[in-house]
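Notes for the one structure printed next.
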Amino acid sequence: MGHTLKRGTPPPKRPSLMLFQLLVLAGLFYFCSGIMQVTKTVKEIAVLSCDYNISTEELTKVRIYWQKDNEVVLAVMSGKVKVWPEYENRTFTDFTSNLCIVILALRLSDKGTYTCVIQKPEQGTYKLEHLTSVKLLVRADFPAPSISDLGNPSPDIRRIICSTSGGFPEPHLSWLENGEELNATYTTLAQDPETELYTISSELDFNVTRNHSFMCLVKYGDLTVSQTFNWQKCPTSI
Ligand SMILES: *[C@@H]1O[C@H](CO)[C@@H](O)[C@H](O)[C@H]1NC(C)=O
Ligand SMILES: *[C@@H]1O[C@H](CO)[C@@H](O)[C@H](O)[C@H]1NC(C)=O
C-alpha cells in the first residue's frame, strides 16, 4: 500500500483544516500581490517558480507540495520526490532553481492554478513557511488551414478540401465566396480523446467554367484562421 496519499487529499495530518488555511492564504496572496501567470501552448514545457531557494541540508527537513487547484501534483518529503500519476514521467522539480516545477509535454488539462507550499518542522508539527501560486494557461491554436485539390469527381466540377488540426475549443468551418456562405459537400470533425484537440476538414465542389475565389474560414473560441483558394476558369477548349 504505497498510495496512502490520494489525489485530491492534502497530505498533512489534519487535511480539511490545513486545506482551508491554504485556501484562505492563497486567496489573500491573490488579492494582495496579484497572481503570476504563465501562458504556454500544448506540447510545450512549463516552468513554474516556487520563488524559494533552499539549501541541500534544509531540503531533507522541509515538506514541499506542488498542488494544482486542490490536487497534489508533486510532493517532496525527507528529500524524496513523489509525482502523482497524471504527471508521472513528465514532471520534475528543480531544487537548484527556486524549487520550480517543470512540466513537459503540456496537455490542455494542465491549465489551472498551481500552488507551491513549503512547510517547516516546528515543535513537533509542520508550519507553513512559504506559499506561491502561479496560474498556467494552456493554449491550443489551429494553424492556418491548408487547401488541396482532390481532382474532378465529374466533368466541369472540381473538388477541393480544406483542413486544420491540433486546436481547441471546438471549431466551425465555413466556405465563403464574395462574402456569401456556400454549402460544403462533406465536413468532418474529430476530437482526440487523449489530447482533447480537434481536427476539422471540409470538401467543396465547384464549377470550373467560372473564376472563383474561395475562403475557408475556421472559427474556434473567439479566434479565426483562414485560407483562400483562387481558380482561373479553364481556357475554352475546341
Ligand atoms: C512511467 O515510466 C515508467 C518506466 O518507463 C513506466 O513503467 C510507467 O508506466 C510510466 N508511467 C506513466 C504514468 O506513464
Ligand atoms: C457549369 O457552369 C456552366 C456555365 O454556367 C453550366 O452550363 C454547366 O451546366 C455547369 N455545370 C455543372 C455540372 O453544374
Side-chain angles (χ1 to χ4, degrees), residues 1-11 40-48 64-95 99-116 136 138 140 147-162 166 168 173-187 191-197 201-216 228-238:
M1 295 279 284
H3 290 271
T4 43
L5 301 178
K6 277 200 228 120
R7 265 184 76 72
T9 312
K40 289 285 165 185
T41 299
V42 162
K43 294 181 191 137
E44 282 186 341
I45 298 171
V47 180
L48 311 177
I64 304 161
Y65 303 105
W66 267 103
Q67 310 181 173
K68 183 195 145 193
D69 301 323
N70 296 322
E71 300 183 332
V72 184
V73 171
L74 179 149
V76 184
M77 278 176 274
S78 314
K80 277 196 201 139
V81 183
K82 177 173 166 57
V83 178
W84 266 250
E86 200 187 312
Y87 291 86
E88 211 178 315
N89 296 344
R90 61 185 189 103
T91 306
F92 58 93
T93 181
D94 188 348
F95 296 126
L99 285 180
C100 62
I101 190 172
V102 181
I103 308 171
L104 311 174
L106 281 174
R107 302 170 184 174
L108 273 179
S109 56
D110 291 337
K111 66 174 178 282
T113 298
Y114 289 76
T115 303
C116 174
L136 175 66
V138 183
I147 297 179
S148 49
D149 194 332
L150 296 179
N152 296 59
S154 61
D156 285 358
I157 299 294
R158 195 110 189 160
R159 181 170 292 173
I160 52 176
I161 183 167
C162 173
F168 188 93
L173 188 153
S174 45
W175 288 99
L176 301 169
E177 184 171 35
N178 301 321
E180 280 185 35
E181 190 161 351
L182 305 171
N183 290 325
T185 312
Y186 182 62
T187 300
Q191 186 181 24
D192 184 315
E194 200 164 294
T195 64
E196 296 176 69
L197 302 179
S201 70
S202 181
E203 295 175 12
L204 180 74
D205 286 357
F206 65 91
N207 190 325
V208 296
T209 63
R210 290 190 302 273
N211 287 344
H212 292 282
S213 180
F214 296 118
M215 179 186 270
C216 169
T228 55
F229 178 87
N230 295 309
W231 176 262
Q232 291 284 18
K233 73 177 176 195
C234 306
T236 34
S237 48
I238 311 168

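Numbers here are sequence positions counted from 1. Fair warning: this is a prediction, and the values are worked out from it, not measured in the lab. Both ligands and their constituent atoms are indexed starting at 1 by order of listing.
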Legend entry - Y87 vs D110 side-chain heavy atoms within contact, under 4.5 Å: yes
Inset, instruction - With the side chain counted from C-beta on, respond yes when V138 and V42 share a heavy-atom pair under 4.5 Å apart, and no when they do not. - result: yes
Legend entry - Enumerated ligand 2 atoms positioned under 4.0 Å from heavy atoms of I157: 13 (C)
Inset, instruction - Flag yes if more than 12 heavy atoms outside N183 fall under 6.0 Å of its CG atom; otherwise flag no. - result: no
Inset, instruction - With heavy atoms of T209 as the reference, note each atom of ligand 2 found under 4.0 Å away. - result: 1 (C), 2 (O), 3 (C), 4 (C)
May I have the N/O to N/O pairs between ligand 1 and the protein that fall below 3.5 Å, each with atom names and distance to one decimal?
{"from": "ligand 1", "atom 1": "2 (O)", "to": "N89", "atom 2": "OD1", "distance (Å)": "3.2"}
{"from": "ligand 1", "atom 1": "2 (O)", "to": "N89", "atom 2": "ND2", "distance (Å)": "2.3"}
{"from": "ligand 1", "atom 1": "11 (N)", "to": "E88", "atom 2": "OE2", "distance (Å)": "3.2"}
{"from": "ligand 1", "atom 1": "11 (N)", "to": "N89", "atom 2": "ND2", "distance (Å)": "3.0"}
{"from": "ligand 1", "atom 1": "14 (O)", "to": "N89", "atom 2": "ND2", "distance (Å)": "3.4"}

Inset, instruction - Not counting sequence neighbours, which residues clear side-chain contact (heavy atoms from CB on, under 4.5 Å) with S174? List them please. - result: E181, L217
Inset, instruction - Taking all heavy atoms of N152 and all of R158, pick out the closest pair and write down the distance. - result: OD1-NH1, 2.8 Å
Legend entry - Proximal ligand 2 atoms for R210, defined as those under 4.0 Å from one of its heavy atoms: 2 (O), 5 (O)
Legend entry - Verdict with supporting geometry, W175 and S202, side-chain hydrogen bond (donor to acceptor under 3.5 Å, both in side chains): CA-CA 9 Å; W175 288 99; S202 181; 3.0 Å; yes
Legend entry - Gap between atom OG1 of T209 and atom CD1 of I157 - 0.5 Å precision: 8.0 Å
